[in-house]
Amino acid sequence: MTETGGKKHIFLQILYIVILAASAMGDMHGFSYTLTRIMKAISLLIVMTGAVVLFVSGNLDRVKTAGRFAGVYIFILVGVIVWSIFLWIVNLETVDFILRGATKFMYQFLVVLIIFAGVYMFGERAIYTTFYGLALTNLTILLINLVTYGPVDSVNSVITMITGGEQAGFVRAMEIHDVTFTFGFFIIYFLFFAQHNKERIFDIVTALFFFLLGWKRIAFMALPIAVVMALMLGRMKSKYRIPLMKTIAWTAVILSFLYVAATRYGWFEMITNYFNIDTMGRNEIYNYIEDYYKISIGFIGYGFEYTTVILQQVMQTDPDAHIGVLALHNNILTLYIEMGFVGFWAWMIYTWVFQLNWMLNHWGEKVAMLFFLCELYIFITYTTDNTLYYYYSSLVLRLMPMGYAFHEKTVQDVKLWPWVRAKERKLIY
């Protein structure tokens with residue numbers, strides 16, 4: 001196999017970008033839920049392409065590196081689905097619900113296969129090809145919406161949104177939920193990990209433009225926190241940086257449980273009401289579902305996707321319930337209700353503590369820092385959104401450390417963190 005990014009890889013990179021862009025077009029407003037899922041399945045072509053390349057090249061060194069990451073990612077997915085199957089059986093769920101939950105979960109396994117294929121073919125360059133694919137999607141949707149709403153009305157719509165008016169028309173159509181969140185990951189990578197060159201500047205501007213255009217308020221809060229943390233970590237010495245990351249990881253686990261408890265006992269509503277924070281109906285939904293779970297080690301949960309069933313039951317039993325969506329818009333609470341007390345703690349500790357330590361021990365501080373910053377960014381969005389199992393957000397989150405594990409030191413490497421040393425590894429291409 002030739003060097004990553006070489007001329008013989010240009011065709012494969014273009015193919016990857018086009019397939020991913022076509023797949024992500026399913027996130028455009030107006031597509032049905034079924035059609036969106038079908039379009040996501042187009043990305044399976046990336047896996048097939050990677051399989052062909054693997055068959056021809058047979059580069060087992062790349063398989064070993066990417067496969068170790070894939071194994072760590074898949075382990076937690078298997079744990080969630082196995083525990084869910086047990087809960088579905090215990091709770092005597094219908095076959096239709098089980099099939100729906102299992103089918104949706106299979107997309108998360110497809111995500112791991114896609115990044116495995118991408119990293120196998122391109123190494124660290126897979127981060128860029130994924131970015132260009134999703135940027136192409138956003139650009140295409142932007143052009144379609146400009147034609148649909150007209151340039152003048154589109155600009156006025158943006159101005160109205162920025163000045164605090166209603167988010168409608170063009171800007172509403174540009175709120176591409178899943179794809180918009182992915183640009184936060186790319187901004188972190190391009191700012192602090194990508195090489196210093198002209199492409200990096202273009203990438204930062206492009207990612208920032210689409211990130212702002214998507215207008216996800218929770219992401220506007222999450223990204224600056226991650227950036228400030230990156231700046232802090234970058235100026236610390238290793239003996240302080242690593243303990244800080246580990247402390248924050250455990251803090252995130254504990255605060256997540258406290259957040260669930262605060263929601264269940266009404267403290268969250270009391271705080272948001274005191275500060276006059278508009279929760280956009282979330283407090284009302286939390287009140288409707290509080291009888292379905294309890295803060296107790298004996299609470300075993302209901303299994304993956306069951307919160308949608310709970311909200312359906314609430315609407316059926318209470319026609320006056322002010323519920324317009326079948327999702328809690330709170331992934332932390334959703335995780336607790338679906339996985340139960342023990343499952344919740346197991347997922348949190350594995351995600352934050354185990355993965356961070358694993359990357360520190362096997363791949364060095366830089367890979368671990370990229371994982372930590374990306375996890376911090378997206379984890380904050382879990383408090384008010386459903387990003388946990390978003391298809392492309394999950395893809396990019398898992399891709400970042402896996403792709404960066406293939407990083408080769410160059411004279412253009414970022415000088416922001418002079419004390420950080422990546423684990424030296426000899427990569428064979």
Side-chain angles (χ1 to χ4, degrees), residues 21 24-32 36 39 130-191 198-228 230-231 272-273 275-284 322 324-325 327 329-330 377-378 380-387 390-393 396:
M25 283 298 297
D27 267 17
M28 183 175 175
H29 283 264
F31 286 109
S32 67
T36 296
M39 294 186 72
T130 301
F131 169 67
Y132 294 141
L134 296 175
L136 178 58
T137 295
N138 221 321
L139 177 61
T140 304
I141 295 175
L142 170 63
L143 295 175
I144 292 173
N145 287 331
L146 280 174
V147 173
T148 301
Y149 294 96
V152 176
D153 287 344
S154 297
V155 172
N156 289 335
S157 177
V158 173
I159 294 174
T160 300
M161 175 187 66
I162 294 175
T163 56
E166 182 182 5
Q167 187 177 0
F170 171 80
V171 293
R172 184 65 175 174
M174 289 307 303
E175 188 185 7
I176 315 168
H177 299 282
D178 191 357
V179 175
T180 294
F181 283 109
T182 66
F183 292 112
F185 298 121
F186 291 117
I187 291 171
I188 292 171
Y189 172 78
F190 293 137
L191 281 176
K198 293 180 180 179
E199 181 184 19
R200 173 175 174 266
I201 302 301
F202 170 80
D203 293 339
I204 291 173
V205 173
T206 302
L208 189 59
F209 173 74
F210 287 129
F211 178 79
L212 294 174
L213 191 60
W215 206 256
K216 300 301 296 182
R217 292 172 179 82
I218 185 62
F220 289 169
M221 181 179 73
L223 183 60
I225 292 175
V227 169
V228 170
L231 293 170
T272 54
N273 288 340
F275 289 101
N276 197 27
I277 299 174
D278 183 9
T279 62
M280 301 179 70
R282 287 176 174 81
N283 283 333
E284 288 78 4
H322 300 288
V325 293
H329 290 283
N330 182 335
Y377 157 70
I378 201 64
I380 293 172
T381 71
Y382 294 166
T383 59
T384 64
D385 220 303
N386 303 310
T387 46
Y390 272 180
Y391 188 73
Y392 300 103
S393 295
V396 179

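Keep in mind that this is a model prediction, so the values were computed, not measured. For this chain, numbers begin at 1 and follow the sequence in order.
D203 is linked by a salt bridge (Lys or Arg N to Asp or Glu O under 4.0 Å) to nothing, counting only residues two or more places apart in sequence or in another chain. For T180, there are no side-chain hydrogen bond (donor to acceptor under 3.5 Å, both in side chains) partners, not counting sequence neighbours. When the ring-ring contact (aromatic ring centres under 6.0 Å, His included) test is applied to Y382, the partners found at least two apart in sequence or on another chain are F379. Qualifying side-chain hydrogen bond (donor to acceptor under 3.5 Å, both in side chains) partners for T130, counting only residues two or more places apart in sequence or in other chains: Y16. Under the rule for a salt bridge (Lys or Arg N to Asp or Glu O under 4.0 Å), the partners of E199 that lie at least two apart in sequence or sit in another chain are R125. For T381, the side-chain contact (heavy atoms from CB on, under 4.5 Å) partners at least two apart in sequence or on another chain are F181, I218, A222, I378, T387. Every residue meeting the side-chain contact (heavy atoms from CB on, under 4.5 Å) condition with T206, not counting sequence neighbours, appears here in chain and number order: F131, A135, F202, F210. Evaluation of the side-chain contact (heavy atoms from CB on, under 4.5 Å) rule for F31 yields M28, L35, T36, M39 as partners, not counting sequence neighbours. Y392 pairs by the ring-ring contact (aromatic ring centres under 6.0 Å, His included) definition with nothing, not counting sequence neighbours. T140 is linked by a side-chain contact (heavy atoms from CB on, under 4.5 Å) to M25, L136, I144, counting only residues two or more places apart in sequence or in another chain. Evaluation of the ring-ring contact (aromatic ring centres under 6.0 Å, His included) rule for F220 yields F211, W215 as partners, not counting sequence neighbours. Take Y390 and apply the ring-ring contact (aromatic ring centres under 6.0 Å, His included) test, not counting sequence neighbours, and it matches no residue.
Between the side chain of D27 and the backbone N or O of I176, no donor-acceptor pair lies under 3.5 Å. T137 places a side-chain N or O within donor-acceptor distance of the main-chain N or O of G133, the cut-off being under 3.5 Å.
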task: Applying side-chain contact (heavy atoms from CB on, under 4.5 Å), run through N330 and T383 and close with a yes or a no.
output: CA-CA 5 Å; N330 182 335; T383 59; 5.5 Å; no
query: Do L134 and V396 pass the side-chain contact (heavy atoms from CB on, under 4.5 Å) test, and can you show the C-alpha distance, the side-chain angles, and the key distance before you say yes or no?
result: CA-CA 10 Å; L134 296 175; V396 179; 3.9 Å; yes
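I159 CD1 to S154 OG: the interatomic distance, rounded to the nearest 0.5 Å, is 11.0 Å. Note: N145 CG to R172 CZ = 12.5 Å, rounded to the nearest 0.5 Å. In this structure, CG in L146 is found 4.5 Å from CZ in F170, a value given to the nearest 0.5 Å.
The heavy-atom pair separating T163 from T160 by the smallest distance is OG1-O, 3.0 Å. In terms of heavy atoms, P224 sits closest to A219 at CD-O, 4.1 Å. G169 and S157 make their closest contact through C-OG, 4.2 Å (heavy atoms, listed as atom of the first residue, atom of the second, distance). The two residues A226 and Y377 make their nearest non-hydrogen contact at CB-CB, 4.0 Å.
Using cut-offs of 30° and 60° for the angle between ring planes, the F183 and F186 rings count as tilted.
A heavy-atom distance below 4.5 Å is found between the side chains of I187 and L223.
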